[in-house]
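Inspection log for the structure reproduced underneath, given as structure tokens.
Numbers here are sequence positions counted from 1.
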Amino acid sequence: MSVSAAKAAPQATDDAAAKPQHDTVVILDFGSQVTQLIARRVREAGVYSVLLPFNAPMEKIKALSPKAIILSGGPASVTEKDAPRAHEEVFTLGIPVLGICYGLQTMCQQLGGSVHASPEREFGRAHLTISDHKNPLFRDIWDGGVEPQVWMSHGDSVSALPEGFTTIGKSRTCAHAAVADEKRRFYGVQFHPEVVHTPEGAQILRNFVLNIAGCKNDWTMAAFKDEMIAAIKAQVGGERVICGVSGGVDSTVVAALLHAAIGEQLTCIFVDTGLMRQDEADEVVELFRDYFNIPLVHEKSGALFLERLAGVSDPEQKRKIIGKTFIDVFEAAKQKAGEAAFLAQGTLYPDVIESVSSTGGPSVTIKSHHNVGGLPEDMKFKLVEPLRALFKDEVRALGLHLGIPEKFIQRHPFPGPGLAIRIPGDITEEKLAILRKADAIFIEELHRNDLYKETWQAFAVLLPVKTVGVMGDGRTYDHVLALRAVTSVDGMTADYAALPHDFLGHVAVRIVNEVKGVNRVVYDITSKPPGTIEWE
């Protein structure tokens, strides 16, 4: 449960100041829905990347001393008036530039080429005909004669290249699907190398950042851990730190990292809402007190949360009540923890990225729907946010380097309001008990059948519906339980997990037989969008 809206004393939070000293690639975002994937692919190549809006000030870009710049895709058309453009100075820095989709188009147009609306748009899988297999962008990927699959998503195409550029690849409808100016080290691709639908796309990006830009691939979680421990020591000094933990990956990794840096100066607070999964509260206490030996204030507050939630069915109202109660309990726990100058938070890089909105301007993207609620403004802590440079997969990798048991690192996301939003309608202890047991069976079977890691999130939902059933020779009238499992990269979009029918049948039989109060099980096959992952 995050306390992400806590009031902090003024401090430097610029990503440039927070990053370790590694070669950096700057990605300028023109609004593509998959821009974050570019940053992640670059980091997978062992190179640090920073995402900025396309119109970020040049002073901010140059302050990062980038070894290369990537221009992302975007929904706009360069043929439109006031279409977003890169700073002209981007092309005078003397460093490699890679344009992807819209990024290719604006680069070519800004450098003297031209772009036109294609008579035949290209969306989805396409095949690339390569005219220069030895070009450094494609080197060691494809042999001659191969027409590799790539992923296209464009209505405009480059119709004339700027001076100095040559075509190194084309598709059926796009004459300049890949271009290069090797003297200036400017490259562009009309397709999206960052998505999995371009099978060799990650290698194209590796070629660009490692071979063309000459970046060192020394961005590793082992190096980050050592650098961040030193940074935490320098920031905190001899002061004490409070860290709210929930058993989730982010707060667990933050606590472990802080403990490695400052030891007994850290106290963790665990607000036990009574809305967690089966045995989860005990596991959190065991992890922090017994495994890590970190001082922990454990506030058992389930009765208070249930009391305040009694009779409340509206999901937004439930969230507000849980958030307010969490604040009240945290306030009391803070007194038990003693005086502290710093509050630690599990802020991640996607929470602080300035992205491009649908209106074409920069906006701050903040995921808050999993949070219980922010702390009040009079809690005047300074913030420690050691994970703010990391993506979720990097946090998991860091956790393994810190020695956190894998079962905690690989745990599925869990919403801050807990099981309260997996019980549509009012919340009672009886309903919580039914849901915990059913959910535990589902998760147990996913592990047993090696399906847990194949899903991004999986859980049970106790529906506000009862149906007639038959058990033995008697009539039942009990709850309906829905199972939900999805595959996803970051939770922004998701597909339902196509779990085997025999597996789902086995889980349903176990739940109906073992969980008193459930006589029917259904499986949710809705993707996001149009649905959401959680039911409330």
Side-chain angles (χ1 to χ4, degrees), residues 1-2 4-5 31-37 246-250 273 275-277 280 309 312-323 326 346-348 350-351 353 355 357-358 363-374 391-393 411-427 431-432 434-436 438-439 442-443 446 451-465 479-499 504 507 521-536:
M1 294 176 183
S2 171
S4 63
S32 168
Q33 294 183 6
V34 291
T35 299
Q36 285 193 27
L37 284 179
S246 65
V249 175
D250 302 341
T273 64
L275 301 172
M276 300 182 73
R277 292 166 287 199
E280 198 165 31
L309 286 168
V312 178
S313 297
D314 179 75
E316 290 307 310
Q317 189 64 19
K318 283 193 285 189
R319 288 175 182 272
K320 289 178 181 178
I321 291 171
I322 293 169
F326 180 87
T347 307
L348 304 189
D351 300 327
I353 289 172
S355 59
S357 71
S358 60
S363 61
V364 179
T365 300
I366 301 177
K367 286 176 61 179
S368 61
H369 64 285
H370 285 314
N371 297 342
V372 170
F391 288 104
K392 188 76 169 189
D393 52 341
R411 178 173 285 175
H412 287 172
F414 188 64
L419 299 181
I421 60 170
R422 293 179 180 174
I423 303 177
D426 65 318
I427 310 298
K431 290 180 181 179
L432 286 167
I434 292 172
L435 182 57
R436 283 195 188 96
D439 185 79
F442 186 28
I443 299 303
L446 286 168
L451 293 169
Y452 186 81
K453 291 182 180 178
E454 301 300 315
T455 57
W456 192 80
Q457 196 169 1
F459 53 91
V461 181
L462 189 66
L463 304 184
V465 176
H479 290 280
V480 178
L481 186 95
L483 302 179
R484 176 77 158 143
V486 299
T487 58
S488 181
V489 174
D490 53 15
M492 300 303 293
T493 61
D495 291 325
Y496 76 89
L499 298 176
L504 291 171
V507 172
V521 177
V522 299
Y523 187 56
D524 182 352
I525 61 169
T526 312
S527 294
K528 175 187 179 181
T532 56
I533 295 177
E534 297 288 348
W535 278 49
E536 288 193 339

*asked:* Looking at every heavy atom in both Ala458 and Ile443, which two are closest together, and how far apart are they?
replied: O-CD1, 3.5 Å

*Measure the spacing between OG of Ser488 and OH of Tyr496 and express it to the nearest 0.5 Å.*
15.5 Å

_side chain to side chain contact (heavy atoms under 4.5 Å, CB included) partner of Pro417, the single match among Glu536, Lys320, Arg319_ = Arg319

*What is the distance from atom CG of Leu435 to atom NZ of Lys431, rounded to the nearest 0.5 Å?*
11.0 Å

*Looking only at heavy atoms, which two atoms of Ala485 and Phe442 are closest? And how far apart?*
CB-CZ, 4.3 Å

*Salt-bridged, Arg484 to Asp524, with N to O below 4.0 Å?*
yes

*How long is the gap from CZ on Arg422 to CD on Glu534, to the nearest 0.5 Å?*
4.0 Å

*Locate the shortest heavy-atom distance separating Thr487 from Ala497; write the atom from each residue and the value.*
CG2-CB, 4.1 Å

*Less than 4.5 Å apart, any side-chain heavy atom of Leu275 and any of Leu309?*
yes

*Going by an N to O cut-off under 4.0 Å, is there a salt bridge joining Asp426 and Lys318?*
no

*Exam field: side chain His412 to backbone Thr455, donor-acceptor pair closer than 3.5 Å*: yes

*Salt bridge flag under 4.0 Å for residues Lys528 and Asp495*: no

*Report yes if some heavy atom in the side chain of Gln457 is under 4.5 Å from a heavy atom in the side chain of Phe414; otherwise report no.*
no

*Output, in order, the C-alpha distance, side-chain angles, deciding distance and verdict of side chain to side chain contact (heavy atoms under 4.5 Å, CB included) for Val522 and Leu483.*
CA-CA 6 Å; Val522 299; Leu483 302 179; over 6 Å; no

*asked:* Ignoring hydrogens, what is the shortest heavy-atom contact between Gly346 and Asp250? Give both atom names and the distance.
replied: O-CB, 4.1 Å

*Going by heavy atoms in the side chains, are Ile533 and Phe459 under 4.5 Å from each other?*
yes

*I would like to know whether Ile321 and Val312 meet side chain to side chain contact (heavy atoms under 4.5 Å, CB included); could you show each step before the answer?*
CA-CA 9 Å; Ile321 291 171; Val312 178; 3.7 Å; yes

*State, with a plain yes or no, whether a side-chain heavy atom of Leu451 is found less than 4.5 Å away from one of Leu499.*
yes

_Of Leu462, Leu432, Asp439, Ile427, the residue whose pairing with Leu419 passes side chain to side chain contact (heavy atoms under 4.5 Å, CB included)_ = Leu432

_Contact between Lys392 and Val249 at the side-chain level, heavy atoms closer than 4.5 Å - yes or no?_
yes

*Could Glu280 and Arg411 be called an ion pair, given the rule that one side-chain N must be under 4.0 Å from one carboxylate O?*
yes

*Identified side chain to side chain contact (heavy atoms under 4.5 Å, CB included) partner of Trp535 from the options Thr526, Ile421, Leu463*: Leu463

*Using a cut-off of 6.0 Å, state whether more than 12 heavy atoms not belonging to Tyr452 lie near its atom OH.*
yes

